Amino acid sequence: MLDPKILRNDLQLVAEKLQRRNFDLDVERLSQLEDKRKILQVKTQELQNERNTKSKSIGKAKAAGEDIQPLLDQVADLGEKLKQAESELNELQDSLQDIFLGIPNLLDDSVADGKDEADNVEILRWGEPPQFDFVPKDHVDLGQNRGWLDLESAAKLTGSRFMVLNGPLARLHRALIQFMLDLHTNEHDYQEVYVPYMVNADSLRGTGQLPKFAEDLFALKGEHEYYLIPTAEVPVTNIVRDEIIEDDRLPLKYTAHTPCFRSEAGSYGKDTRGLIRQHQFEKVEMVQLVRPDESYQALEALTQHAETVLQRLGLAYRKVALCAGDVGFSSAKTYDLEVWLPAQQTYREISSCSNFESFQTRRMQARWRNPETGKPELLHSINGSGLAVGRTLVAIMENFQDGDGNIHIPPALQTYMGGKTVL
RNA sequence: GGAGAGGUGGGUGAGUGGCUGAAACCAGUUCCCUGCUAAGGAACCGUAGGCGCGAGUCUACCGAGGGUUCGAAUCCCUCCCUCUCCGCCA
């Protein structure tokens, strides 16, 4: 959510900035509602004031043993008027809130203009895409040839966009998770957390998935209104919801491995082959909660932490800064890391690292106590994948295959594979 | 699932219809005293919002939402959560 003060005072400016994302803000309607709100709020508060004062004087009169009936008569119709004013005001504030919750974050000035992913800005490339003296297979062929990947069973068990892994591939998948968690906790100073895989609606509102993106989520049936998490970002960031963090605890750096569940509504026909786009996938996530003036520095560092995973594995990748049209709803600035996939002869997203500034923390009232002012102020939140495990598995299979259908295990993972060097 | 207890400001914890936005203590900030890494004293010290150039002033908030009342932290209802005991269980 944007700062309501900016929305009140600089509505026109906000609208202009949002144009960069192709978001049309209904300035007219918003300022009309806002004007109405002001009038109604003043009126309501005046009525409340009147009620409070009169009630107090009734209390005093009663204590003094006076007849309070005349005073009671005075406030006879006040209650009705007040009740109506209050409910009108509530209604108005609810609709303002609905509008506010639907407005995306303002972009950082460094974000380039652009319409879609074609306009993203490449920052760097790392590593050389491998050269093969044979036609490289894709991960589906590689996996199915050895019986490691069983999509038929997954379809039987559940449906499309799920996977069953067997034997060594299942182990490699697990090894990747351990490797990533160890790297971030041992070398990057993150605290590992284990969190629920189901969350309530408040948490999803906090990080921005609700109310606007409900169709991307799996909602549970039953007595609880719970949702499967689409990313660890949701439970981990919401740890600080409604909290005031003392300065000496900052920055908070969390890492967590969780499954992620996405309905992938609206992506029909996209990436239907293989493991690139699944309803359920594993991810190791990094989340930081930092002082506002440190958040862009933290974004660079966090992105670097994700890059380190790729570098240690020896996977070629490129880093791109998303353009205005491609940055997500809640983010002010986003870097994507894209790993080289030989079968597709292209770079594919494997990590997304964003600075949300105070967009999420305002929704969840996550604050810190600024020692300079002594006052609670909003934190900034940063997160990024480090990395998406399923896609990393795909990248390893495809990049480290040989002509005989073997997968060579990167040295960094070998200790996690019991010393094995080849799958 | 059954029985009971409870949810109050950054923390601990009083408060059972008006004088309580909330005692006291701890933490914090400022000042005083003290010639020294101690101790003592005083003042300030919740969050959000409205109006006002401003000093200021008004409103809301005591788990959440309803209700009763001129008036609710306090009474009633529903829900959520925590703790204790019993049952069940990976």
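Letters A, B, ... are given to chains in the order of the sequence lines, protein chains preceding strands, and every chain is numbered from 1. Bear in mind the structure is a predicted one, so any value in this text is a computation, not a measurement.
Residues A/Y226 and A/R37 both approach RNA chain B. Their nearest nucleotides, taken by heavy-atom distance, put A/R37 toward the 5′ side. Across the interface with RNA chain B, nearest-nucleotide mapping of A/N90 and A/I58 shows A/N90 to be the residue nearer the 5′ end.
Comparing the same atom, P, in B/G10 and in B/A23 gives a spacing of 14 Å after rounding to whole Å. B/G41 and B/G54: their P atoms are spaced 40 Å apart (whole Å). Using P as the reference atom, B/A72 and B/G18 are 11 Å apart when rounded to the nearest Å. With both ends at atom P, the span from B/C45 to B/U84 equals 38 Å, rounded to whole Å. Rounded to whole Å, the C1' atom of B/A73 lies 14 Å from the corresponding atom of B/A60. Atom name P, nucleotides B/A90 and B/A5: the rounded distance is 31 Å, in whole Å. Between the C1' atoms of B/U68 and B/U78, the separation comes to 15 Å (whole Å). Using P as the reference atom, B/U8 and B/G13 are 9 Å apart when rounded to the nearest Å.
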All N/O contacts under 3.5 Å from nucleotides 59-63 of chain B to the protein, with atom names and distances to one decimal?
from  : atom 1 : to    : atom 2 : distance (Å)
B/U59 : OP1    : A/N49 : OD1    : 3.1
B/U59 : OP1    : A/N52 : ND2    : 3.2
B/U59 : O3'    : A/Q48 : OE1    : 3.3
B/U59 : O2'    : A/Q48 : OE1    : 2.7
B/A60 : OP1    : A/R51 : NH2    : 2.9

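Relative to the side chain of A/Q41, the nucleotides B/G18, B/U47, B/G49 differ in distance, and B/G49 lies closest. In this structure, the nucleotide among B/U47, B/C51, B/C70 sitting nearest to the side chain of A/V42 is B/C51.
Heavy atoms of A/P4 sit nowhere under 4.0 angstrom from any nucleic acid atom. Nucleic acid contact for A/K62: base, since at least one base atom lies under 4.0 Å from a heavy atom of the residue.
Checked for salt-bridge contact, A/D141 and A/R273 meet the test: a charged N lies under 4.0 Å from a carboxylate O. A salt bridge does not link A/K115 to A/D326: none of the charged nitrogens lies less than 4.0 Å from a carboxylate oxygen. We find that A/K38 and A/D35 are not joined by a salt bridge, their nearest charged nitrogen and carboxylate oxygen being 4.0 Å or further apart. Between A/R262 and A/E264, none of the side-chain N atoms (NZ, or NE/NH1/NH2) sits under 4.0 Å from a carboxylate O, so this pair counts as no salt bridge.
Here B/C79 sits opposite B/G63 as a Watson-Crick or G-U wobble pair (both hydrogen-bonding atom distances under 3.5 Å). The pairing partner recorded for B/G49 is B/C58, the criterion being a Watson-Crick or G-U wobble arrangement whose two distances lie under 3.5 angstrom. Using Watson-Crick or G-U wobble geometry with both donor-acceptor distances under 3.5 Å, B/G28 finds its partner in B/C44. Under the Watson-Crick and G-U wobble criteria, each requiring two contacts below 3.5 Å, nucleotide B/U69 is left unpaired. Across all strands shown, B/U37 has no partner, as no Watson-Crick or G-U wobble contact with both distances under 3.5 Å is found.
Atom CG of A/D77 and atom C1' of B/U69 are 16 Å apart (whole Å). If you measure from atom CG of A/L71 to atom C1' of B/U69, you get 16 Å, rounded to the nearest angstrom. Per the geometry, CZ belonging to A/R241 stands 17 Å off C1' belonging to B/U47, to the nearest Å. Atom-to-atom, CZ of A/R367 to P of B/G46 comes out at 14 Å; the value is rounded to the nearest Å. Rounded to an integer number of Å, the gap from A/D242 CG to B/A48 P is 13 Å. For A/E34 and B/G49, the CD to P distance is 13 Å, given to the nearest whole Å. The CG-C1' distance, from A/N370 to B/G46, rounds to 17 Å in whole Å. Remark: P of B/C70 and CG of A/D67 are 15 Å apart, rounded to the nearest angstrom.
Checked against the 6.0 Å centroid criterion, the rings of A/Y194 and A/H257 do not qualify as a close aromatic pair. Taking the six-membered ring for Trp, A/F329 and A/F213 have ring centres closer than 6.0 Å. Between A/F261 and A/Y197, the ring centre distance reaches or exceeds 6.0 Å.
Between A/H188 and A/H184, the ring planes are tilted. Angles from 30° to 60° get that label.
Closest approach of A/M397 to A/L142, counting heavy atoms only: O-CD1, 3.4 Å.
Of the side-chain N and O atoms in A/K56, none sit less than 4.0 angstrom from OP1 or OP2 of B/C19. Using a 4.0 Å cut-off, some side-chain N or O of A/R8 falls inside it from OP1 or OP2 of B/G50.
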